[in-house]
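Sequential numbering from 1 along the given sequence is applied to the chain's residues. Both counts, for ligands and for their atoms, begin at 1 and track the order of listing.
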Amino acid sequence: MAMTPDRRSATETPEHPAPAPLQPAEPCSIVIFGASGDLSRRKLIPALFTLAARQCLARRFAIIGFARTPMTGQSFREWGRKSIQESDGDGKAHGDRGNDFLKGFAYVSGEYDHPEAFEKLKQCLERMDREYNLEGNRLFYLATPPTTYHLVIEQLERSGLAKPASGKAWTRIVVEKPFGRDLASAEALNRSLLAVFDESQVYRIDHYLGKETVQNLVALRFGNGIFEPLWNRNYVDHVQITAAETLGVERRAAFYETAGATRDMIQSHMLQLTSLVAMEPPAKFDATSVRNEKIKVLQSIRPFDGENIQAHLVRGQYGSGAIRDGAPPVPAYRSEPGVKPDSTTETYMAAKILIDNWRWAGVPFYVRTGKRLAKAVTEIAIVFRRAPHLLFSGQSVGANSLLLNIQPDEGISICFQIKRPGQQMDLKSVPMDFSYRHEFGGRELSAYATLLNDAMRGDATLFDRADGVEAAWALVDPILNWFQAHEPSFPNYAAGSWGPAEADQWMERDGRHWRKP
Ligand code: BG6
């Protein structure tokens, strides 16, 4: 039986006790389609191991890999061990802790459109159900290339695996992003899924929603009395959302060349963050209420039509450059392996989002994301209006801001003015910081661990609904069409910079500037 390892973690100390555990999931089988791939190795298996180590995975579970790559159960276990070792490098995969976790591993190899392969999967699931007493509960995870999603869904239906194994058992399916590549394909995927599964069985994942500070945005807004009264056009000047990476396209050119920053980041992560910042207080913190409020934000965003696109968007692509002073230069996007030498794929996007509703009318949300930028950082800055009257002559008083650092230094800061010591009334902006690491010892769960646990417990609050993904694509589609019709002049920013100069000029025209995180 796959038993969960010892609860106390190596980094737990009396000053930093383990955070309150998540509620454990019910016994179940987790089937990973695309199990031999990158996502499974780098994120899913380590996340499941963390859940097991923190006793948030049920005491009885099985992890069944399904992929085209031929492997035996034993080699899948070894592969799983390597994945855990790579993810934390401290040898946790050795000894009883790792062995216990890996006991419940099984593997089925086959093509995604072969009924016989799904027959084998069914037999394997039934065997694991009996052996580990899993009560017929099943979580399917689509981590394959998105082109195979339809095939897998079809085979799950044909083999009878889409239906719960018994009256009391549950079957759920997690669908990895990208969920479609435009509105039409997202609608088609929703149709395939909903022809076979009920919406309540479908978990469309966006891992940003599992990040600790993203969830804390909701706690900050609705768990405190002091922020929400200021959270509107009367007090907020603008909002900046930055997701900057120093990494380039890595080995993902085959995917990225067909996606670009708009599909990869704006349609999903950036619009999710925008919705959470902008939504009205939901009636309850449950899947229906939260998702209803988020979708209203998407529906209130002013559509990007022709004129708006030119005035409200900046796209970019990195040329070569050094990420830090003295670091060796990295190649331009067009020289990365697998990228076309004349590629017009954007690796940077900045957008000015206008939300036409009572709370946000006239408050721009500036969002930007890019690869090979100067610093790896994701943050949300709520920039408040300046003090209406300046008492202190000759001083330019900065605006107050509230910063949510999503990564890497998770925390929340408020910036305000103080007087420097001395006779003069000399003002300075200072931060008041809350740091996760300082308060909790930096032991927050990975986003995937949080979301896998939620899916196994049947909590869809942090997952997207069919109408939510479609509303996001409806906003992004006109941008993609415009990009196709208008050739950019790339590359237009150096690796290691903060993106195209045009993005700075564009902010300056609005009388604002990008924060330098
Ligand atoms: C993924 C994108 O969804 O998010 C990647 O496909 C991107 O291109 C990644 O690098 C960023 O995630 P994180 O958690 O590292 O900010």
Is there a nitrogen or oxygen of T378 sitting under 3.5 Å from a nitrogen or oxygen of ligand 1?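 Not met; the criterion fails.
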
Using distance alone, determine whether K211 and ligand 1 share an N or O pair under 3.5 Å.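 Checking ligand 1 against K211, an N or O pair does fall under 3.5 Å apart.
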
Protein heavy-atom partner closest to [atom] - residue, atom, separation in Å:
{"atom": "atom 1 (C) of ligand 1", "result": "H269 NE2, 3.6 Å"}
{"atom": "atom 12 (O) of ligand 1", "result": "H207 NE2, 3.2 Å"}
{"atom": "atom 6 (O) of ligand 1", "result": "D264 OD1, 2.5 Å"}

Between R252 and D38, is there a salt bridge with N-O shorter than 4.0 Å?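 Result for this pair is no, no salt bridge flagged.
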
Is D237 salt-bridged to R512, cutoff N-O under 4.0 Å? yes

Using ring centroids (six-membered ring only for Trp), state whether F66 and Y112 fall under 6.0 Å.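 Yes, they do, as the ring centres are separated by less than 6.0 Å.
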
Ligand-side contact atoms (ligand 1) for residue partner K371, heavy atom cut-off under 4.0 Å: 5 (C), 7 (C), 8 (O), 10 (O)

Relative to ligand 1, is Y256 under 4.0 angstrom through side chain, backbone, both or neither, heavy atoms considered? neither

For the residue pair [Y] / [X], report whether a side-chain donor-acceptor contact shorter than 3.5 Å exists.
{"X": "N453", "Y": "T450", "value": "no"}
{"X": "D198", "Y": "S200", "value": "yes"}
{"X": "D454", "Y": "Y203", "value": "no"}

Per atom 7 (C) of ligand 1, closest listed option by heavy atom (K177, E245, R263, Q407): E245

Nearest heavy atom to atom 5 (C) of ligand 1: which of K43, R252, M265 does it belong to? R252

Looking at F483, does the NZ or CZ of R315 lie under 6.0 angstrom from its six-membered ring centre and within 45 degrees of the ring axis? yes

